[in-house]
Amino acid sequence: MFENRKGLGTFFAAIFVLGTLLSGCGGGQQGGGARATAVKAMNVLRQDTPLTHVYAGQIMGTDEVKIQSRVSGNIVEKYIVGGQSVTAGQPLYRIDSRQYESALLQAKAVLAQSEATLNNARMDLDRYQQLYASAAVSEQTLSTQQAQVNAYEAAVAANAALVRQAQENLDDTIIYAPMSGQLSVDDVAMGTFVSAGTTTLVSMGSSNPIFAQFSLSENEYLNFVEQAAKTGGIGGVVVELTLSNGSKYPIIGHIVTSDRALAAQTGTLTVKALFDNPDGLLLPGMFARVSLIGDTIPNAVLVPERAVQQLLGKSFVMLVGEDNKAAARTITLGEKIGSYYVVKDGLDTSDIVVVEGLTTLQEGGDLAVTMVTANEMGFSLEGDSSMFNTRELTPAQ
């Protein structure tokens with residue numbers, strides 16, 4: 001057994017020596033004629049760059065309303081189907097009106113009776129006034145009759161109000177569209193019993209124009225207001241939408257309203273931007289990225305995000321140095337805009353950065369450089385450069 005262990009030790013020692021010799025040979029080869037690493041590189045950009053702030057947003061209709069009946073009863077006629085577009089004043093439903101017709105007739109009968117009683121009381125009052133003038137009745141009798149006339153007049157006014165209420169209830173058995181817009185598909189069926197002010201018959205809303213709602217933090221809001229003051233106010237800020245499938249909505253919008261206070265739970269401010277929606281493509285409930293185009297940074301130095309590497313809290317890029325040698329450079333990053341970072345310090349337009357082939361690249365290594373352009377690499381200052389569609393739409397005014 002001892003001999004076997006001695007043999008294994010000799011075997012592993014031989015492997016170690018062989019590996020050392022091969023490593024030495026490899027090192028000599030690298031020092032002499034190492035193969036250059038193939039990379040793609042491009043020049044650092046310098047240009048005026050607009051700041052773009054992107055927020056998660058949701059599409060909302062400009063007018064959303066739940067249509068409910070003012071009276072109770074069974075639906076006996078339905079004039080619409082769910083999902084259709086309607087105009088303001090168009091009839092939607094009719095509720096069984098028989099009980100309301102009866103109530104109106106009864107209210108009119110009570111009113112007529114009270115009016116007849118009032119007329120008799122007024123004739124008696126005229127007679128008492130004549131008798132009082134000839135001292136045939138006392139002043140007390142005349143005052144009592146005047147009080148009765150006043151009471152009957154009040155009764156007539158009350159009964160007239162009941163007639164108007166009964167007429168309104170009868171009129172309310174037909175439900176009309178309060179505005180122009182599109183109905184939801186969750187409309188109730190004919191024959192359904194609806195309760196006044198409780199049952200939602202159908203909901204509807206207007207989707208042209210339409211809102212995109214998003215939220216700003218407190219610091220973002222303060223910075224935003226400061227920037228907006230320089231560009232002509234909040235209404236002049238350009239707002240763009242990128243939809244959930246990555247396509248860009250071609251119509252720009254503008255901010256029209258914001259909440260009066262920060263939300264207590266999140267500390268954010270709710271803001272709404274208005275967009276024209278002529279084709280009805282934007283639907284309430286959709287999610288989208290809302291981009292606010294802010295100030296322009298003059299002569300900004302830009303480097304592709306793909307070229308930037310992070311290590312121990314530091315940011316650096318690989319440059320094509322002298323004799324096509326790889327050289328690392330520490331940089332200070334600013335805002336991220338589209339496919340680029342704004343570089344505050346560390347780079348100049350004379351530098352050439354490596355944008356592809358960084359995986360196995362080491363500082364000081366030889367480079368086989370292929371120069372590329374931003375278009376060839378698909379880099380853009382916009383978050384998404386895909387086209388929305390081929391139709392030409394009218395931008396919001």
Side-chain angles (χ1 to χ4, degrees), residues 62-81 84-181 183-184 187-206:
T62 49
D63 295 296
E64 298 286 343
V65 61
K66 294 180 178 180
I67 300 176
Q68 297 176 337
S69 172
R70 294 190 180 97
V71 295
S72 300
N74 291 92
I75 297 175
V76 294
E77 284 191 79
K78 181 178 177 182
Y79 306 110
I80 50 90
V81 294
Q84 82 175 71
S85 296
V86 296
T87 58
Q90 179 176 336
L92 307 178
Y93 294 92
R94 186 173 74 84
I95 294 174
D96 188 358
S97 61
R98 290 174 297 177
Q99 59 176 328
Y100 300 104
E101 292 171 354
S102 300
L104 177 60
L105 293 175
Q106 182 179 1
K108 287 182 177 180
V110 173
L111 175 61
Q113 183 179 1
S114 63
E115 288 175 342
T117 303
L118 175 60
N119 289 333
N120 289 334
R122 283 174 174 171
M123 286 188 293
D124 289 342
L125 179 61
D126 290 340
R127 185 169 61 254
Y128 286 159
Q129 286 174 343
Q130 294 173 4
L131 293 174
Y132 177 75
S134 60
V137 296
S138 65
E139 183 179 356
Q140 179 64 40
T141 301
L142 179 62
S143 299
T144 301
Q145 186 62 31
Q146 180 66 57
Q148 287 184 348
V149 169
N150 293 340
Y152 292 148
E153 288 177 346
V156 168
N159 290 329
L162 293 177
V163 170
R164 286 196 299 271
Q165 182 179 1
Q167 183 64 58
E168 290 173 356
N169 289 339
L170 179 60
D171 294 339
D172 287 339
T173 56
I174 300 180
I175 296 93
Y176 299 92
M179 61 182 183
S180 298
L183 302 175
S184 63
D187 54 318
V188 300
M190 190 171 64
T192 303
F193 180 84
V194 298
S195 299
T198 302
T199 306
T200 299
L201 301 174
V202 67
S203 59
M204 68 175 299
S206 176

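Hydrogens, waters and symmetry mates play no part in the numbers below; they use all other heavy atoms, side chains included. Owing to the predicted nature of the structure, the values given are computational and were not obtained by experimental measurement.
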Among pairs that include at least one residue of residues 140-152, which meet salt bridge (Lys or Arg N to Asp or Glu O under 4.0 Å), considering only residues two or more places apart or in two chains?
none
For Asn119, the side-chain hydrogen bond (donor to acceptor under 3.5 Å, both in side chains) test, sequence neighbours excluded, returns none
Name the atoms and distances for all side-chain donor-acceptor pairs under 3.5 Å in residues 195-205, with sequence neighbours left out.
from   : atom 1 : to     : atom 2 : distance (Å)
Thr199 : OG1    : Ser195 : N      : 3.0
Thr200 : OG1    : Gln68  : NE2    : 3.3
Ser203 : OG     : Ser184 : OG     : 2.9

For a 4.5 angstrom cut-off between non-hydrogen side-chain atoms, does Ile95 reach Asn74?
no
If I take atom CG from residue Asp171 and atom CD from residue Glu168, how far apart are they, to the nearest 0.5 angstrom?
7.5 Å
Looking at every heavy atom in both Leu170 and Thr173, which two are closest together, and how far apart are they?
O-OG1, 2.5 Å
CD-CE distance between Glu64 and Met179, expressed to the nearest 0.5 angstrom
7.0 Å
Among all residues two or more places apart in sequence or in another chain, which pass the salt bridge (Lys or Arg N to Asp or Glu O under 4.0 Å) test with Arg70?
Asp172
Which value, rounded to the nearest 0.5 Å, describes the distance between Met123 atom CE and Leu118 atom CG?
10.0 Å
With the side chain counted from C-beta on, respond yes when Tyr93 and Val188 share a heavy-atom pair under 4.5 Å apart, and no when they do not.
yes
Side-chain atoms of residues 105-116: list all donor-acceptor pairs with protein atoms under 3.5 Å, sequence neighbours left out, distances to 0.1 Å.
from   : atom 1 : to     : atom 2 : distance (Å)
Ser114 : OG     : Val110 : O      : 3.3
Ser114 : OG     : Leu111 : O      : 2.8
Ser114 : OG     : Asn159 : ND2    : 3.0

Rounding to 0.5 Å, atoms CZ (Arg98) and CD (Glu101) come to a distance of 9.0 Å
Of all the heavy-atom pairs spanning Val65 and Pro178, show the shortest one and how long it is.
CG1-CG, 4.2 Å
Are any side-chain N or O atoms of Ser180 and backbone N or O atoms of Ala88, one a donor and one an acceptor, separated by less than 3.5 Å?
yes
Residues forming a side-chain hydrogen bond (donor to acceptor under 3.5 Å, both in side chains) with Asp187, sequence neighbours excluded
Lys78
Sequence neighbours left out, what pairs pass salt bridge (Lys or Arg N to Asp or Glu O under 4.0 Å) with at least one residue falling in residues 117-133?
Arg122-Glu153, Asp124-Arg127
Spatial distance of atom CD (Gln165) from atom OH (Tyr100) [nearest 0.5 Å]:
11.0 Å
Partners meeting salt bridge (Lys or Arg N to Asp or Glu O under 4.0 Å) with Glu77 (sequence neighbours left out)
Arg94
Which residues share a side-chain hydrogen bond (donor to acceptor under 3.5 Å, both in side chains) with Gln99, sequence neighbours left out
none
Can you pull out every side chain to side chain donor-acceptor pair (under 3.5 Å) where at least one residue sits in residues 130-141? Sequence neighbours excluded, please.
Ser138-Thr141, Gln140-Thr144
Do Leu125 and Leu142 have side-chain heavy atoms sitting under 4.5 Å apart?
yes
Does anything in residues 188-201 pair up under salt bridge (Lys or Arg N to Asp or Glu O under 4.0 Å), and if so which pairs, sequence neighbours excluded?
none
Heavy-atom nearest pair, Ala121 first then Tyr152, reads CB-CD1, 3.2 Å
CG on Asp96 to OG on Ser72, rounded to 0.5 Å:
12.0 Å
In the structure I gave you, are the side-chain heavy atoms of Tyr79 and Leu92 within less than 4.5 Å of one another anywhere?
no
Quick check on Met190: does its CE atom have over 12 non-hydrogen neighbours (other residues, nucleotides or ligands) under 6.0 Å away?
no
Work out which heavy atom in Tyr176 is nearest to a heavy atom in Gly89; give both atom names and the distance.
CD2-O, 3.2 Å
Applying side-chain hydrogen bond (donor to acceptor under 3.5 Å, both in side chains), name anything that partners Gln146, two or more places apart in sequence or on another chain.
Asn150
